[in-house]
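Every value quoted in this text rests on a predicted model; they were computed, and no experiment measured them.
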Amino acid sequence: MNAPVSILAPLDRATLAKVTLLARARGISEAEFAAEAIRAAATQQTDFDAFIQVGIDSAERGEVHTQEEVEAWFEERIAARRRG
């Protein structure tokens, strides 16, 4: 595992107070809480970017539907649900 590195991030007092309360409730330090939050945010953003790239790649391959096709698909789904 790589050796940990530190970053500085200025926080206003209200945010720091929230971090302190949340960290204490979990029995961890503010630094541990911040590291976990940064890891979670980085993972979420990376996953979202990958999800978006799937759509971009699909569009670049020409795998797209017109608005009319999508609307017709939704209308059929609604009709099928009403039929029961």
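Counting only heavy atoms from C-beta outward, the side chains of V70 and T66 never approach each other to under 4.5 Å.
Taken from CZ in F33 to NZ in K18, the straight-line distance is 11.0 Å, to the nearest 0.5 Å. Atoms CD1 and CG, on I52 and D57 in that order, are 11.5 Å from each other to the nearest 0.5 Å.
Hydrophobic clustering, defined by side-chain heavy atoms of Ile, Leu, Val, Met, Phe, Trp and Tyr closer than 4.5 Å, leaves I78 isolated from every other such residue.
Hydrophobic clustering (side-chain heavy atoms under 4.5 Å, transitive across Ile, Leu, Val, Met, Phe, Trp, Tyr) keeps V54 apart from V64. Residues L22 and I28 fall within the same hydrophobic cluster, defined by Ile, Leu, Val, Met, Phe, Trp and Tyr side chains chained together at heavy-atom separations under 4.5 Å.
Here side chain to side chain donor-acceptor pair (under 3.5 Å) pairs that include residues 37-47, with residues two or more places apart or in two chains, are Q45-D49.
With a 6.0 Å radius and a threshold of 12 heavy atoms from other residues, nucleotides or ligands, E69 has its CD atom above the threshold.
Shortest non-hydrogen contact noted between A23 and S29 is CB-O, 3.6 Å.
For the pair R81 and E76, the salt-bridge criterion is not met [side-chain N within less than 4.0 Å of a carboxylate O]. Under a 4.0 Å N-O distance rule, the pair E36/R26 qualifies as a salt bridge.
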